[in-house]
Amino acid sequence: MLPKAYNPAAVEDAIYKRWEDSGAFTPESCPADGEPFTIAMPPPNATGQLHLGHAVMLALEDIFIRFQRMRGKKVLWVPGTDHASIATEAVVIRTIQKEEKIADPRKTLGREKLIERIQKFVEESRGTIRNQVRKMGASCDWSRERYTMDPALARTTNEVFVDMYKRGVIYRGHRMVNWDPKLQTTLSDDEVVYETRTEPFYTFQYGPFQISTSRPETKFGDKYVVAHPEDERYFKYKHGDTFEAEWINGPVHATVIKDTAVDPAFGTGVMTITPWHDAVDFGIAERHGLEKEQIIGFDGKLLSIAGEFSGMPIEKARPLIVEKLQKKGLLVSTVEAHEHNVAISSRGGGIVEPQIKEQWFVDVNKRAVDWKGKKMTIKEVMSDVVHSGDIVIIPERFNKTYFHWIDHLRDWCISRQIWWGHRIPAWYRGSEIYVGVQPPGDKGWEQDSDTLDTWFGVSQWTWSTLVDPKLAADPALSLSDILEKSPDFKAFHPTSVMETGYDILFFWVARMILMTTYATGQIPFKTVYLHGMIRTRDGKKMSKSHPETMIDPLDIIPKYGADALRLSMIVGQSPGADSRLYEEKIAGYRNFVNKLWNASRFVLMQCEEAKVDPRMITKLPKASELSLADRAMLSKLQTVTKKVTDGLTEYRLSEAGDTLYSFVWDDFCDWYLELRKENAPPSPSAIVADQEGLRRAGNLEVLTHTLRKILQLLHPYCPFVTEELWSHVKTTDSGLLIAKSWPEVKKELVDAEAEEAFLQLTSVVQVIRKIRADQGIPPGKEIAAIIHTKKWVELLESQEAHIRRLGKIGSLTFDTDAKPHKNAASIFLPDIEVHVPLEGLIDTEAERKKLQKEKDNLERLVKSIEVKLQSADFTARAPENVIAAERGKLQIHTEKLRKIGERLKALGQ
RNA sequence: GGGCGCCUAGCUCAGUUGGUUAGAGCAUCUCGUUUACACCGAGAGGGUCAGGGGUUCGAAUCCCUUGGCGCCCACCA
């Protein structure tokens with residue numbers, strides 16, 4: 001017999017092993033002719049621990065995967081890890097600094113040694129991550145696990161780089177980049193975040209002009225003053241006029257420039273420019289062919305142009321420069337509390353300094369992609385695949401965000417001054433450049449010391465993981481040959497759904513679309529499902545600096561089970577919306593899992609009591625042998641199956657999960673199982689069974705059948721507990737639940753009358769309770785009741801004990817011919833009348849008013865539809881289906897009207 | 001500055017083309033230990049669906065508007 005409570009910690013690991021050993025995770029175990037269903041698992045960074053972000057991703061994807069697997073699709077879920085260049089290198093460097101007191105590990109260890117150290121670290125964390133993914137129950141195909149630094153993936157990364165270079169999509173040039181002086185590398189635009197800071201805002205006299213700045217330290221080289229060409233205040237100065245101005249380190253020869261980039265309403269309407277350290281200024285300088293000069297070094301310190309300030313870090317120099325200008329009488333005014341945004345590196349937290357640097361870029365406006373028979377730019381393709389509906393984003397509102405991002409997309413800087421990653425396949429010899437997958441054969445070449453942005457390589461993830469590693473190892477094959485010959489790529493690409501957090505829509509999702517359409521001519525995925533961020537109970541971001549707010553899945557799983565964690569992150573959540581998670585919520589779903597456990601236990605006990613082996617139950621009794629309650633249960637099961645199937649198919653996971661939750665708890669446990677407990681008159685099949693000495697065996701078949709279906713339907717959500725219970729209730733010839741097929745909706749079991757009867761039974765009890773409450777009858781005191789009905793007699797009579805128990809009724813009479821009693825409280829249901837012979841009547845005035853209002857409404861509706869149908873206007877603009885729909889409505893509401901009319905009549909209207 | 005989202009019971013949230021009396025979980029209160037489960041059962045209280053206006057026979061749902069909160073993007077020299 002099962003223990004009284006489910007103990008997930010005791011069984012989960014063993015169940016996972018059983019799944020894995022069974023081969024169920026591989027597509028080879030699926031029907032060979034099944035339609036493919038593929039997910040490329042977003043690779044967790046190879047830097048550490050599984051967190052809630054991973055947990056929610058794994059839970060969602062595992063639900064998609066298990067559902068489709070049970071539906072008979074040929075399912076592939078590819079797991080893997082990402083080398084995460086900047087993040088990983090930073091972590092290892094920090095560790096070495098801390099533990100070995102080496103101030104600059106890059107300098108001390110050198111490239112080779114440091115990479116070795118990083119590799120070792122990554123190997124260890126990848127092992128950790130693998131185990132943690134298993135803890136969540138993720139049914140991914142470990143035999144196909146990939147890593148962004150695998151030789152095959154390195155090969156595709158390089159191939160695409162080289163191809164893009166040859167077609168002019170990748171170029172090398174001096175451009176404005178985001179320079180992180182702390183990490184000593186460039187960053188992409190998306191890796192820069194802005195923080196609002198309050199800093200002083202100075203206005204200085206610059207020749208005849210007054211200019212304002214919050215960054216005086218960039219002003220050393222300023223020799224251009226810019227005004228808007230239509231600003232009347234500065235009409236007397238012409239474009240190209242020059243003048244002498246006393247400035248920080250002596251006089252400068254300055255030139256007036258007119259450009260529309262200046263906002264006349266801001267400050268004094270004129271500004272000096274620093275083209276080397278500001279993107280807007282850079283643009284102005286480019287337009288007018290102005291000189292650009294570097295002021296701040298890549299180490300964040302001022303260069304020799306700063307004169308006496310050279311070598312100083314900017315924070316130190318700034319007040320000194322202001323002081324000097326003030327002494328010279330050039331400081332006009334200071335606004336102390338000026339709010340402005342400061343660019344911060346999301347990687348290292350340091351202040352980002354715009355710099356001009358020679359880097360590698362992806363040209364997003366180059367007309368170089370073959371797409372749908374046309375030559376399109378990268379931007380156009382990215383836009384087209386979503387506009388055309390080839391890729392569907394859930395929730396839809398992110399379409400707009402995506403398009404907006406594309407509109408503002410600038411060339412993507414892909415080179416990083418980091419050692420950990422895919423080294424750029426470019427070699428230099430003097431002024432020569434060689435770009436190729438293989439190093440140049442002759443001597444004297446030196447490879448570019450930079451590596452590629454992690455996102456460049458990992459944006460090929462949906463297909464680089466499907467490339468056959470053996471083929472990729474053959475240098476004689478081209479990339480298109482490799483793709484053409486790789487069986488997995490041919491069978492499983494494009495993938496079906498990409499599930500990830502909305503926070504990496506730009507970083508990754510958009511770039512996968514970019515890279516994959518370019519390199520393979522296919523979309524990477526058909527559906528994008530974006531989940532929201534998980535927050536603390538106060539709605540704050542979970543952060544390591546507040547450990548008390550953190551929920552660690554690795555603490556939760558042993559305590560509450562992976563199933564409870566999965567449910568708590570998915571049921572009641574909408575895609576793309578942030579959600580809050582806290583222990584009570586998880587405990588609630590743990591209770592649900594336990595409820596399911598005990599319901600199963602009850603079914604097993606019933607079987608044992610009846611000396612029936614549940615595993616031998618293979619089919620339902622004949623329809624004629626089913627009680628009304630059985631029929632209602634089976635019918636409801638069909639409705640639920642349909643709803644859950646539709647919900648999962650359309651990625652409405654919360655709704656489907658919620659449906660199952662209330663079906664299991666409210667209908668199956670609190671109603672059907674409770675009925676089972678009463679001394680209900682035996683159903684016809686039970687009578688038969690009685691003769692064979694098997695009491696109440698009839699219901700057992702429905703009980704077992706329903707439980708099995710529940711386990712199947714719930715399996716994607718809570719795989720562990722359902723698998724465990726399945727082993728007790730399955731038929732002897734079926735295997736693991738993970739490989740079981742999905743329940744079909746059996747139309748012959750749909751029985752509206754039985755379901756209606758079930759509702760009536762519930763209503764009868766409620767009516768009796770209402771009467772008790774209205775009459776102020778003490779809860780303990782029993783009453784007498786008469787039920788008057790011609791319908792549902794079988795059900796009500798069979799459930800007499802149930803009704804009596806729940807309604808605290810001492811004597812209950814069924815009377816198909818009863819007239820309303822004089823001294824009785826009575827309430828009418830559409831087909832049942834309940835009398836409780838007592839003093840006085842309950843007040844039905846409020847209910848009567850409600851019904852009257854509704855009736856009026858509906859009468860008006862009917863009138864308005866009639867008018868509409870007759871009006872030429874309506875028919876002229878209404879296609880036939882609209883009329884049909886209106887007529888459909890009319891019918892529905894006519895039916896509704898009839899019911900309301902009956903109730904009104906019953907109430908004495 | 002541009003865009004997006006949210007405001008529903010004390011708390012956390014569902015609510016799919018507008019349609020019976022707006023739902024759930026937790027919390028609170030009452031009753032109940034009858035042999036699946038106290039990680040339980042049966043109930044109760046608690047909502048002008050942020051405010052205002054409009055469309056409609058009918059609005060939490062659609063439109064406009066005001067307010068509050070949050071996020072994203074751009075960026076201020």
Side-chain angles (χ1 to χ4, degrees), chain A residues 2 4-6 189-190 194 201 211-215 218 226 261-263 266-268 270-274 278-281 284 338-341 343 395 397-398 400-401 404-405 407-408 502-503 505-506 532-533 537 539 560 564 568 571-574 576-582 584-585 587-606 609 646-647 650 652 654-655 658 661-662 666 669-670 673-674 676-678 765-766 769 773 778-780 805-806 808 846-847 850-851 853-854 856-865 885 889 892-893 896 899-900:
Chain A
L2 298 175
K4 262 188 150 181
Y6 173 56
D189 293 344
D190 296 295
Y194 292 91
F201 190 59
I211 54 122
S212 300
T213 183
S214 55
R215 300 201 58 192
T218 63
V226 190
V262 179
D263 175 7
F266 187 88
T268 58
V270 284
M271 63 180 187
T272 58
I273 57 167
T274 313
D278 186 284
V280 174
D281 296 2
I284 295 171
H338 175 65
E339 272 199 358
H340 71 139
N341 286 333
R397 70 184 129 91
F398 280 97
K400 213 162 182 176
T401 319
H404 186 258
W405 180 79
D407 288 345
H408 289 83
Y502 65 73
D503 56 331
L505 176 64
F506 306 143
M533 304 298 110
R537 91 173 312 129
Y560 295 101
S568 66
V571 179
Q573 316 298 341
S574 315
D578 291 355
S579 60
R580 304 176 189 208
L581 190 68
Y582 39 87
E584 290 95 309
K585 198 184 261 184
Y589 287 101
R590 184 267 323 264
N591 294 353
F592 171 72
V593 168
N594 192 54
K595 186 77 183 173
L596 178 70
W597 178 265
N598 273 293
S600 310
R601 193 164 158 253
F602 177 74
V603 172
L604 292 170
M605 285 170 85
Q606 295 290 310
E609 195 185 306
D646 291 349
E650 289 153 30
R652 295 195 313 268
S654 176
E655 190 188 317
D658 208 43
Y661 184 100
S662 75
D666 303 338
C669 293
D670 290 346
L673 292 191
E674 287 302 319
R676 171 79 198 164
K677 284 183 192 170
E678 294 307 314
V765 173
Q766 273 169 3
R769 283 192 169 134
R805 181 171 60 92
L806 293 177
K808 277 268 172 201
E847 195 187 356
K850 267 182 205 161
L851 287 168
K853 194 180 156 198
E854 197 175 346
D856 293 349
N857 251 345
L858 288 165
E859 275 167 0
R860 277 201 300 275
L861 168 72
V862 171
K863 245 182 211 163
S864 82
I865 290 175
K889 252 185 188 173
I892 288 164
H893 290 284
K896 203 161 101 180
K899 279 194 177 175
I900 289 165

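Note that the structure is a prediction, hence the values are computed from the model and not measured. Per chain, numbering begins at 1; letters A, B, ... match sequence-line order. Just so you know, these numbers use all the heavy atoms, side chains as well, and skip hydrogens, waters and symmetry mates.
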> Looking at every strand, decide which applies to A/V262 at a 4.0 Å heavy-atom threshold: base, sugar-phosphate, or nothing.
base

> Paired with B/C31 by Watson-Crick or G-U wobble geometry, both distances under 3.5 Å: which nucleotide is it?
B/G41

> Name the nucleic acid region contacted by A/D263, choosing base, sugar-phosphate or nothing; use a 4.0 angstrom heavy-atom cut-off, strictly under.
base

> Rounded to the nearest angstrom, tell me the gap between atom CZ in A/R397 and atom C1' in B/G70.
12 Å

> Rounded to whole Å, how long is the line connecting atom CG of A/D646 with atom P of B/U17?
15 Å

> Would you mind telling me which of B/C39, B/C73, B/G25 lies closest to the side-chain atoms of A/H404?
B/C73

> With a 4.5 Å limit on heavy-atom distance, are the side chains of A/W597 and A/K4 in contact?
no

> Separation of A/R537 atom CZ from B/G25 atom P, in whole Å?
18 Å

> Drop me the distance from A/F602's CZ to A/K595's NZ, to the nearest 0.5 angstrom.
10.5 Å

> Look at the side chain of A/Y582 and decide which nucleotide, out of B/U12, B/U16, B/A36, has an atom nearest to it.
B/U12

> Using a cut-off of 4.0 Å on non-hydrogen atoms, how would the nucleic acid contact of A/Y194 be classed: base, sugar-phosphate, or nothing?
base

> When you get a sec, tell me which of B/G3, B/A74, B/C76 is the closest nucleotide to the side chain of A/D278?
B/C76

> With a non-hydrogen cut-off below 4.0 angstrom, is A/S574 in contact with a base, only sugar-phosphate, or nothing?
sugar-phosphate

> Distance from A/Y6 atom OH to A/N591 atom CG, nearest 0.5 Å?
14.0 Å

> Quick one: A/M605 CE to B/U34 C1', roughly how many Å, whole number?
14 Å

> Provide the distance between the two C1' atoms, one in B/C62 and one in B/U56, to the nearest whole Å.
10 Å

> Using atom P of each nucleotide, how far apart are B/U21 and B/G2 to the nearest Å?
43 Å

> Working to the nearest 0.5 Å, report the span between CE of A/M605 and CZ of A/R601.
5.5 Å

> Below the 4.0 Å mark, does B/C40 have OP1 or OP2 next to a side-chain nitrogen or oxygen of A/N591?
yes

> B/C73, OP1 or OP2 - any side-chain N/O from A/T401 closer than 4.0 Å?
no

> Is the A/Y661-A/Y589 ring centre distance short of 6.0 angstrom?
yes

> So A/S654, base contact, sugar-phosphate only, or nothing? Heavy-atom distance under 4.0 Å.
nothing

> Closest-nucleotide mapping onto RNA chain B: is A/F592 or A/S212 further toward the 5' terminus? I mean the 5' end.
A/F592

> Would you indicate what A/N341 reaches in the nucleic acid, counting non-hydrogen atoms under 4.0 angstrom: base, sugar-phosphate, or nothing?
base

> Hey, does A/R601 reach any base, or is it just sugar-phosphate, or nothing, if we go heavy atoms under 4.0 Å?
sugar-phosphate

> Can you tell me the base-pairing partner of B/C4? Count Watson-Crick or G-U wobble geometry only, both distances below 3.5 Å, and say none if there is no partner.
B/G70

> Whether A/K4 contacts B/C39 is assessed here as follows: a side-chain N or O lying under 4.0 Å from the phosphate OP1 or OP2. Is that the case?
no

> Test your reading of the model: is there a side-chain donor-acceptor pair from A/N598 to the backbone of A/N594, 3.5 Å cut-off?
yes

> Using the P atom in both, what is the distance from B/A42 to B/C13, to the nearest Å?
27 Å

> Where the side chain of A/N594 is concerned, which of B/A36, B/C73, B/C37 is the nearest nucleotide?
B/C37

> For residues A/L505 and A/W405, determine if any side-chain heavy atom of one lies less than 4.5 Å from a side-chain heavy atom of the other.
no

> Using the C1' atom as the reference point in each nucleotide, state the distance between B/A9 and B/G15 in Å, no decimals.
15 Å

> Using a 4.0 Å heavy-atom cut-off across all strands, classify A/E650 as base, sugar-phosphate, or nothing.
nothing

> Which base sits across from B/C26 as a Watson-Crick or G-U pair, both distances under 3.5 Å?
B/G10

> Looking only at the side chain of A/V280 (C-beta and beyond, no hydrogens), which of the listed nucleotides B/G41, B/C73, B/C75 gets closest?
B/C75

> Nearest whole angstrom, please: distance from the C1' of B/C26 to the OH of A/Y560.
13 Å

> Suppose you measure atom P in B/G1 against the same atom in B/C11; what distance do you get, rounded to whole Å?
32 Å

> Expressed as a whole number of angstroms, how long is the span from A/K595:NZ to B/A36:C1'?
8 Å

> Between B/C4, B/U12, B/C72, which nucleotide gets closest to the side-chain atoms of A/K400?
B/C4

> Grab the CZ-P distance between A/F398 and B/C4 for me, whole Å please.
13 Å

> When the distance from CE of A/M533 to C1' of B/G5 is rounded to whole Å, what number comes out?
14 Å

> Between B/U20 and B/U61, how far apart are the P atoms? Round to whole Å, please.
14 Å

> Is there a side-chain contact between A/R580 and the phosphate of B/C13, meaning an N or O under 4.0 Å from OP1 or OP2?
yes

> Return whichever of A/S579 or A/E655 has its heavy-atom-nearest nucleotide of RNA chain B closer to the 5' end.
A/S579

> With C1' as the reference atom in both, quote the distance from B/G46 to B/U65 in angstrom, rounded to an integer.
31 Å

> Has A/K585 got a side-chain atom pairing as donor or acceptor with A/R537's backbone, closer than 3.5 angstrom?
no

> At 4.0 Å (heavy atoms only), tell me whether A/G572 reaches a base, stays on the sugar-phosphate, or touches nothing.
sugar-phosphate

> At what distance, to the nearest 0.5 angstrom, does CD of A/Q573 lie from CG of A/D658?
11.0 Å

> Does any nucleotide pair with B/U48 by Watson-Crick or G-U wobble geometry, both distances under 3.5 Å, and what is it?
none

> Base, sugar-phosphate, or nothing: which does A/T272 touch, judged by heavy atoms less than 4.0 Å apart?
sugar-phosphate

> Determine the interatomic distance between C1' on B/C7 and the same-named atom on B/A44; round to the nearest Å.
28 Å

